[in-house]
Amino acid sequence: MALRHCAGNFLSPRRSAYMTPHSSMSIFARQMNMEAQSVAAHLNSSGFIRSQGLIGGKWTDAYDGKTIKVCNPATGEVITNVPCMGGKETNDAIASAYDAFVSWSKLTAADRSKCLRKWYDLIMAHKEELGQLMTLEQGKPLKEAIGEVSYGASFIEYYAEEAKRVYGDIIPATLPDRRLFVLKQPVGVVGAITPWNFPLAMITRKVAPALACGCTVVIKPSELTPLTALAAADLSIQAGIPPGVVNVVMGNAVDIGDALLASQQVRKITFTGSTAVGKKLMAGAAATVKKVSLELGGNAPCIIFDDADLEVALKGTLATKFRNSGQTCVCANRVLVQEGIYEKFANALSSAVQSMKVGDGFGEGVVQGPLINDAAVQKVESLVQDAISKGAKVLVGGKRHGLGRTFYEPTVMADVKGEMLISREEVFGPVAPLLKFKTEEEAIRLANDTNAGLAAYIFTTNVQRSWRVTEALEYGIVGVNEGLVSTEVAPFGGMKQSGLGREGSKYGLDEFLEIKYVCLGNMN
Ligand code: ADP
């Protein structure tokens, strides 16, 4: 497959702003391109690169033939084009999902469970290819991408099991001739809108519980990373999940979103993405009073107390801050360090960050890939500049990486203050801002001083303190002496403006169920 460039002149990629001219292209950059090209060619020939949407079980182009490019953020090359769909295609996808709901919701839980289990098995059987596809379109290191495939698949396995445990209730009646029941039933057609940072897991966290309950879905993946979503949807069909149960549309986000919101047939919107878009969707869902789950931005505090185990705190901070190059909503956004351990911790973190290998996700030993696009790098740059202008110091990094394009140096900053923009906004990049605090009360006040409330981390060896601080934190998820907290068996979600609802665990099922109370009378 011929690869072309996203930026600049198609026929002359040399003119792209971040490309080194071919004649003087570094050996490393050339290797990066070759590796990505051969992976893309292999995935294409083995049918893993799907470049059409999926409506009612049929692979479909945009009705007006328009397409959008999907690019590799590490090299800028076009991987393929996908349809630029809008309201019409979305309405057809909704109609297919609505038709399929009739039979899918009537299957036994055991039958739905078998389909989900097959889907899980197929994803796991192809985890290498799916991981490669993810690295190609999203940029994360291959090992991390394959890890996401296993993590994403775990939601399908878990909900294949949980499908059989959607229990109702029998309530002791208040009158002798009555019998009172609670039935749990699927809400209906679900619109699932997902971001680019976890191209598979954000989909499976929504679609697996929805399908387990008997719902059908219209997925709108991010236009930046639709290929993993399409490959996963293809495997759902191979697993025997009937046509129309899983539909995928992509293209004009606003038109697709509006169609999902306007439809009376869509009974639930589940979204992961920015707080701004989440608020729009919540407002839009009001017109038809849909159920809404939102997993929005975070501003995670990572609190290191004087009594922390330095090694544990360092490992946890590196894991939560630098995973996916800092592009996750549970990434530590502010590292609050108590004054007694501040110097030691700052030195240890700086030397660990200094040695991180940055590069194309296919490169040997690479732990930091590119950021998703130039807008992401510009945001990081402006937050770092704002902090420097207000007195923060760069200990490591602090600028674009020599590799060019959207690579940014893993960064540690000291003397950061709570009022700087870097402490107020989600950085979504590989920058660890260190803020010094004196007392536990001050740490709690600083940590809660934000509209966000998704994840928080604390590092301490004092058990009483770990409980006290955990209870005081206004966050939906708290990691104590641990930086990696996400798992399919635990509820994931935020408080305050970080969202509504929970994904994963038994609680994740409730988001896709209606509760129906049944009163049987005249039972004497
Ligand atoms: P991010 O900054 O992570 O890209 P966004 O909230 O912009 O977060 O995007 C998350 C998802 O929401 C993507 O699939 C995007 O296309 C989609 N999206 C963006 N704007 C809208 C909208 N107005 N209606 C529906 N979906 C939208």
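Atoms within a ligand are numbered from 1 in the order they appear, just like the ligands themselves. Everything numeric here is computed off the predicted structure, so don't read it as measured data.
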So which protein heavy atom does [atom] come closest to, and at what separation?
atom	value
atom 11 (C) of ligand 1	Thr194 O, 3.6 Å
atom 24 (N) of ligand 1	Ala253 O, 3.5 Å
atom 3 (O) of ligand 1	Trp196 NE1, 3.4 Å
atom 20 (N) of ligand 1	Val277 CG2, 3.6 Å
atom 16 (O) of ligand 1	Lys220 NZ, 2.9 Å

* Asked: Does the side chain of Asn299 come under 3.5 Å of the side chain of Asn333 through a donor N or O and an acceptor N or O?
  -> yes
* Asked: Is there a donor-acceptor pair closer than 3.5 Å between any side-chain N or O of Glu482 and the backbone N or O of Leu484?
  -> yes
* Structure fact -> Of Thr225, Leu227, Leu133, the one forming a side-chain contact (heavy atoms from CB on, under 4.5 Å) with Pro199 is Thr225
* Asked: Please, which pairs that meet side-chain hydrogen bond (donor to acceptor under 3.5 Å, both in side chains) have at least one residue in residues 84-94, sequence neighbours excluded?
  -> Tyr63-Asp92
* Output all residues satisfying side chain to side chain donor-acceptor pair (under 3.5 Å) with Gln497, sequence neighbours left out; order by chain, then residue number. => Lys279
* Asked: Are Arg323 and Glu144 ion-paired here, with the side-chain N under 4.0 Å from a carboxylate O?
  -> no
* To do: Under 4.0 Å from a heavy atom of Val254: give me the atoms of ligand 1 that qualify, with their elements.
  => 23 (N)
* Ligand-side contact atoms (ligand 1) for residue partner Glu223, heavy atom cut-off under 4.0 Å -> 16 (O)
* Asked: Would you say Phe271 contacts ligand 1, with heavy atoms under 4.0 Å as the rule?
  -> yes
* Asked: Checking Arg205 against Phe492: charged group under 6.0 Å from the ring centre and within 45 degrees of the axis?
  -> yes
* Structure fact -> Of Pro226, Ser274, Gly257, the one whose closest heavy atom lies nearest atom 8 (O) of ligand 1 is Ser274
